[in-house]
Every structure is written in structure tokens, then in C-alpha cells.
*Asks:* 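For reference, the structure I am asking about is given below.
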Amino acid sequence: MDLCNLSVIKSVMADAGITFRKDFGQNFLTNRIIPEDIADNCADSSERMILEIGPGIGCLTQELAMRYKKVVAVEIDKGLIPVLSKTLADFDNITVINEDIMKVDIAALIAEHSEGMPVSVCANLPYYITTPILMHLLESGVKFSTITVMVQNEVAARLAAKPGSSDYGAITAVLAYYGSVRKLFKVSAGCFIPAPKVDSAVVRIDLYDKCPYDIKDETLFRGCIRAAFEMRRKTLENALCAGLGKFTKEQIAAAISRCGFDSKIRGERLSCEDFANLSNALFEMNKTAKI
């Protein structure tokens, strides 16, 4: 069954008496090459479990099941569960779970289903909830090998941006704490039904086995990033003064100087490593002040 064939998609949905759910950001692929390419690129070996988010009617799920040992697909739309039971009936290595991924205990799910295998994530994410889902995965405590997602093209540019570029933002700096990000390929809006208003792109995050940055206080590190980008038009010094209430302007200025930055630098110029060094400098100042 070619689940990227427009006639097949319409027939499957008509038989089930369901329609596309805008509230779930449903856009189904109609170009067979795209799910094949995503599945090919989402992991480096077949001996692993793939956690798929939002399988839809299962076109990507089928490709994943043909390449990897086990697939666990989490689908929020209960109307698609009977559809998936039919479209994926030929595969014995797929488990479909009817849940909202944002409410799932990721660590418990992986412990139950992974059988000790490495785990990668693969997903066609709804545009409106891309960042929350990524952070939910990254903060779950699970040591994923890779996370491969199809997102809005502009979001993909942001996720893979370099410091100092117009696309660089807080999510870029935070993701760099967890792994290296690269944009794989673009997917035009015409490859979907219904066609979204914008193009998409596939991004892969290769997670670090161990974070390369020695961060003394993760909460402070994240606070520095958040403050820097909440007021990105301000200088880093002024943004941190406004966003980090427990430090004086003198302390912040001293920390910025200690890291070798000009006093007028803006936060968008700092890499993840720079934010790590800056937060560590502030941590040491705060620690010294308490002694």
C-alpha cells in the first residue's frame, strides 16, 4: 500500500470516516522519496529502536520499520489508531501508542520498549509545537543517539544557525548544549496534503555522549541564554542586568570582560561555549561573594 499516493490517502481516510485535523497540524506526505530519505538519514545502524512522533497514516513508519529493528510510534489522534492498525498490519516490529507526546513519560516509555537498544527519534513535527517537543525530549534524561525532525523551513534555519547570524536564537544555543545540528534537505509545500503555506526542512541532531562544556550551574547557564535573547536588541550587559536579578551591573560587566568580550557585545554573537564560560564566570563571582 503506497501511503504517499494521493488516491490511497483519500481512500484510507474516507474508509475510516476521518478528515485532516488542523488542531494537530496534520499534513501528510505525497512524495514517496521524502519518507525514504528521512528514514535513511535518521540513524546510523539498524540495531536500534526508533521513537516516531506523529505517524499520521504511517508512510514514514513503514519506511522506518523496514530499516530498523523496532519502531514505537506515538500518535495523539485516536481517530488514526484504527487506520494505523490496517496500514501497518504487515509489520511485526511496530508498536503504536495513542498518547500526547507532551504528556508521556519519555524515560519510562523508552525503558519499557527499547530492550536495551540505542534509541533515535524521528518525527514530522507540527509547526506550532516544535520547540516544546524538542525540549521535552532533550530534558527527559534519555540518552538518544539522534533526533531527526521535519519542521518549518524557517525553524530549521534557526535550529542549525551559526552565532551572529539573523536566524541564531535561544533555541540554537540551547540545542548546541545537547548536540550538533545540521540541516539535511528541504521539502517543498507541494509534497503534502493539505499543502501548508510554507516549505519544510529535515534537521538531524546528533546528541553528545557527554556534553563538551563544563557548566557549573545549568540553571544559570540557561538563564543567561534566555535573558540575552529576550532582549536581543540590547547589549548583553543590559540584557543580563534586566534578566538576571541576583547580579549587579558591575558583576555582569566584570564577567563579560573576564570572558574576553567587548562591553557592547550583543548576546546573539555568543556561541553555546561562550554562554557556558559566561555563566561559569558569574557562578564563581556569586560563589566568592558568599564566602
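Computed from a prediction, not measured in an experiment: that's the story for all the values here. We count residues from 1, following the sequence as given.
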*Asks:* Find the distance between CG (N277) and NZ (K216) and round it off to the nearest 0.5 Å.
*Replies:* 10.5 Å
*Asks:* Find out if a path of hydrophobic residues (ILVMFWY) with successive side-chain heavy-atom gaps under 4.5 Å connects I252 to I215.
*Replies:* yes
*Asks:* Quick one: does I81's side chain get under 4.5 Å of E75's, heavy atoms only?
*Replies:* yes
*Asks:* Work out which heavy atom in C122 is nearest to a heavy atom in I50; give both atom names and the distance.
*Replies:* CB-CG2, 3.9 Å
*Asks:* Atom CD1 in I265, atom OG in S257: separation rounded to 0.5 Å?
*Replies:* 12.0 Å
*Asks:* Just jot down the ring pair (Phe, Tyr, Trp, His ring centres under 6.0 Å) partners of Y177, sequence neighbours excluded, or say none.
*Replies:* F221
*Asks:* Do T30 side-chain atoms and L6 backbone N/O form a donor-acceptor pair below 3.5 Å?
*Replies:* no
*Asks:* What closest approach, in Å, do G58 and L3 show between heavy atoms, and which atom pair accounts for it?
*Replies:* C-CD1, 3.6 Å
*Asks:* Are side-chain heavy atoms of F144 and I110 found at a separation under 4.5 Å?
*Replies:* yes
*Asks:* Could you state the interatomic distance from CG (L278) to CD (E273), rounded to the nearest 0.5 Å?
*Replies:* 12.5 Å
*Asks:* May I ask you to decide if C42's main-chain N or O and T146's side chain share a donor-acceptor pair within less than 3.5 Å?
*Replies:* yes
*Asks:* Quick one: does V142's side chain get under 4.5 Å of L137's, heavy atoms only?
*Replies:* no
*Asks:* Does the K78 side chain pair with the main chain of N98, one donor and one acceptor, at a distance under 3.5 Å?
*Replies:* no
*Asks:* Keeping the roles fixed (side chain from N280, backbone from D214), state whether a donor-acceptor pair exists under 3.5 Å.
*Replies:* yes
*Asks:* Go through L270 and F261 one step at a time and tell me if the side chain to side chain contact (heavy atoms under 4.5 Å, CB included) criterion holds.
*Replies:* CA-CA 9 Å; L270 273 63; F261 302 126; 4.1 Å; yes
*Asks:* As a quick check of understanding, evaluate side chain to side chain contact (heavy atoms under 4.5 Å, CB included) for V174 and M135, giving each step before the final call.
*Replies:* CA-CA 9 Å; V174 171; M135 295 314 301; 3.6 Å; yes
*Asks:* Looking only at heavy atoms, what is the nearest atom pair of N93 and A65, with distance?
*Replies:* ND2-O, 3.0 Å
*Asks:* Return yes when atom NZ of K69 has more than 12 non-hydrogen atoms of other residues, nucleotides or ligands closer than 6.0 Å, and no otherwise.
*Replies:* no
*Asks:* Does a salt bridge link D274 with R269, judged by any charged N lying under 4.0 Å from a carboxylate O?
*Replies:* no
*Asks:* Taking the side chain as C-beta and beyond, is there a heavy-atom pair between L60 and L29 under 4.5 Å?
*Replies:* no
*Asks:* Shortest non-hydrogen contact from A281 to C259?
*Replies:* CB-SG, 4.2 Å
*Asks:* Test of understanding: clusters of I, L, V, M, F, W, Y form through side-chain heavy atoms closer than 4.5 Å, transitively. Do V149 and V104 belong to the same one?
*Replies:* yes
*Asks:* Is the backbone N or O of A111 less than 3.5 Å from a side-chain atom of S114, with the two atoms forming a donor-acceptor pair by type?
*Replies:* no
*Asks:* Which atom pair, heavy atoms only, marks the closest approach of I34 to C191?
*Replies:* CG1-SG, 4.5 Å
*Asks:* Looking at CG of D77 and CZ of R21, how far apart are the two atoms once the value is rounded to the nearest 0.5 Å?
*Replies:* 5.0 Å
*Asks:* Quick one: CZ on R158 to CG on D167, what's the gap to the nearest 0.5 Å?
*Replies:* 7.0 Å
*Asks:* Can you tell whether the side chains of E63 and R67 come within less than 4.0 Å, N to carboxylate O?
*Replies:* yes
*Asks:* Ring-plane angle category for F275 and F229, please: parallel below 30°, perpendicular beyond 60°, tilted otherwise.
*Replies:* tilted
*Asks:* Could you go step by step and tell me if I171 and T130 meet the side chain to side chain contact (heavy atoms under 4.5 Å, CB included) rule?
*Replies:* CA-CA 11 Å; I171 184 61; T130 295; over 6 Å; no
*Asks:* State whether the side chain of S11 and the backbone N or O of V8 hold a donor-acceptor pair below 3.5 Å, judged by distance alone.
*Replies:* no
*Asks:* A side-chain contact here means heavy atoms from C-beta on lying under 4.5 Å apart; do N124 and F192 qualify?
*Replies:* yes
*Asks:* For the backbone of A242 and the side chain of E230, can you confirm whether one donor and one acceptor N or O come within less than 3.5 Å of each other?
*Replies:* no
*Asks:* Has I33 got more than 12 heavy atoms of other residues, nucleotides or ligands less than 6.0 Å from its CD1?
*Replies:* no
*Asks:* Are L138 and L175 packed together at the side-chain level, in the sense that at least one heavy-atom pair is separated by less than 4.5 angstrom?
*Replies:* yes
*Asks:* For I18 and V12, run side chain to side chain contact (heavy atoms under 4.5 Å, CB included): C-alpha distance rounded to whole Å, both residues' side-chain angles, the deciding distance at 0.1 Å, then the answer.
*Replies:* CA-CA 9 Å; I18 58 176; V12 165; over 6 Å; no
*Asks:* State, to 0.1 Å, how close M231 and G243 come at their nearest heavy-atom pair, and which atoms those are.
*Replies:* CE-N, 4.5 Å
*Asks:* Cut-off 3.5 Å, side chains only: do E52 and T61 have a donor facing an acceptor?
*Replies:* yes
*Asks:* Return the CE to CG distance between M150 and D37, rounded to the nearest 0.5 Å.
*Replies:* 11.0 Å
*Asks:* Taking the side chain as every heavy atom from C-beta outward, state whether L244 and C224 have any atom pair closer than 4.5 Å.
*Replies:* yes
*Asks:* Got a sec, which residues hit ring pair (Phe, Tyr, Trp, His ring centres under 6.0 Å) with F28, two or more places apart in sequence or on another chain?
*Replies:* F20
*Asks:* Check whether any side-chain heavy atom of Q152 sits under 4.5 Å from a side-chain heavy atom of Y128, and report yes or no.
*Replies:* no
